[in-house]
Amino acid sequence: MESNIAELCGAVLSELKFSHKTYGEIFYTFVLGIERRSGYIDEINIMVSERLIFDNTPRPGDYVEIKGQVRTYNELSEGRNKLNVVVFAKEIYMSENFGYNENYVYLEGFLCKEPLKRTSPLGREICDLMLAVNRMYNKSDYIPCIAWGRNAGYAESLGVGTKLSVEGRIQSREYRKKLEDGTSETRKAFEVSIVKIEEM
């Protein structure tokens with residue numbers, strides 16, 4: 001089984017935007033909106049090769065199904081390193097099920113930072129994890145994950161280097177960041193919200 005699987009279905013929320021070109025192949029990004037049962041919409045950044053969409057370009061309002069992987073890369077932004085989290089599309093189809101939403105992620109990787117347990121503003125126990133997931137050509141993706149409740153209590157006890165499998169969904173959330181000058185700004189974080197976690 002692959003160690004990094006993302007299966008998504010949702011509505012295209014933005015036009016395609018040029019991302020980069022590598023070995024003559026152009027890559028684009030766009031935002032996919034996936035509605036949760038609660039009605040909240042996760043806004044996930046998708047990266048796709050021109051080769052997958054040359055005859056069927058996704059447009060805002062289209063529903064698409066994506067099979068791919070969660071990928072991360074560092075970008076220098078305003079003098080600081082920013083971790084970008086995207087879903088890299090390996091397959092993309094126009095969805096037959098208009099209005100259907102799916103958000104499933106499976107990862108196998110190694111815990112690469114000490115787990116950080118905290119309490120949410122609503123009083124829920126949560127634990128932040130950073131999972132290093134290997135991919136081809138000796139590269140790794142460093143994927144932020146978040147565990148809740150009983151899973152958070154379990155995750156807190158895990159040591160750096162532990163091999164884990166996790167299942168869950170990729171989510172976006174806004175938070176307020178206090179700046180050095182005393183002001184604050186709204187930023188968006190992306191992470192895998194864990195439903196199931198096991199040591200391997």
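Residue indices begin at 1 and follow the sequence shown.
- Screening L8, I53, I46 against I92 for a side-chain contact (heavy atoms from CB on, under 4.5 Å) leaves a single residue, I53.
- Residues meeting the side-chain hydrogen bond (donor to acceptor under 3.5 Å, both in side chains) test with T183, sequence neighbours left out: D181.
- With sequence neighbours excluded, the residues satisfying side chain to side chain contact (heavy atoms under 4.5 Å, CB included) with Y142 are T72, C112, M130, A132, S140.
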Would you sort out whether E35 and I41 count as a side-chain contact (heavy atoms from CB on, under 4.5 Å), showing the intermediate values? CA-CA 4 Å; E35 189 173 347; I41 294 175; 4.2 Å; yes

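- The side-chain heavy atoms of E156 and E125, taken from C-beta on, include no pair separated by under 4.5 Å.
- The CG atom of L131 lies 12.5 Å from the NZ atom of K113; values are rounded to the nearest 0.5 Å.
- With hydrogens and angles left out, the side-chain atoms of Q171 and R173 include no donor and acceptor closer than 3.5 Å.
- For the residue pair E174 and Y40, the shortest heavy atom distance occurs at N-OH, 4.5 Å.
- Judged as a ring pair (Phe, Tyr, Trp, His ring centres under 6.0 Å), the pairs with a partner in residues 52-82 (not counting sequence neighbours) are, in order, Y63-F98.
- Evaluation of the side chain to side chain contact (heavy atoms under 4.5 Å, CB included) rule for N4 yields Q69, V70, L107, V133, D141, I143 as partners, not counting sequence neighbours.
- A distance of 7.5 Å separates NZ of K21 from CZ of F18, quoted to the nearest 0.5 Å.
- Summarising the geometry, atom CG belonging to N45 is positioned 6.5 Å from atom OG1 belonging to T29; distances are rounded to the nearest 0.5 Å.
- Ring geometry for F27 versus H20: interplanar angle under 30°, hence parallel rather than tilted (30 to 60°).
- With T162 contributing its side chain and L111 its backbone, the two residues share no donor-acceptor pair below 3.5 Å.
- When the side chain to side chain contact (heavy atoms under 4.5 Å, CB included) test is applied to F110, the partners found at least two apart in sequence or on another chain are N134, K163.
- Side chain of N103 to main chain of I170: a donor-acceptor pair is present (N/O by atom type, distance under 3.5 Å, no hydrogens or angles).
- Atom CD of E65 sits about 11.0 Å away from atom CG of L32, to the nearest 0.5 Å.
- The side chain to side chain contact (heavy atoms under 4.5 Å, CB included) check on E7 picks up I5, K67, E102, Y104, with sequence neighbours excluded.
- How far SG of C127 is from CH2 of W148: 11.5 Å, rounded to the nearest 0.5 Å.
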Passes side-chain contact (heavy atoms from CB on, under 4.5 Å), N84 versus N74? Steps please. CA-CA 6 Å; N84 276 327; N74 276 312; over 6 Å; no

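- Within the 4.5 Å cutoff, the side chain of V48 has no heavy atoms near those of the I66 side chain.
- Listed here is the closest heavy atom pair of I34 and G10: CG1-CA, 4.5 Å.
- Closest non-hydrogen pair, A147 versus A152, comes out as O-CB, 3.6 Å.
- In the displayed structure, E25 atom CD is contacted under 6.0 Å by more than 12 heavy atoms of other residues, nucleotides or ligands.
- With a 6.0 Å radius and a threshold of 12 heavy atoms from other residues, nucleotides or ligands, K178 has its NZ atom at or below the threshold.
- Remark: the backbone N or O of S172 is paired with a side-chain donor or acceptor of D42 at under 3.5 angstrom.
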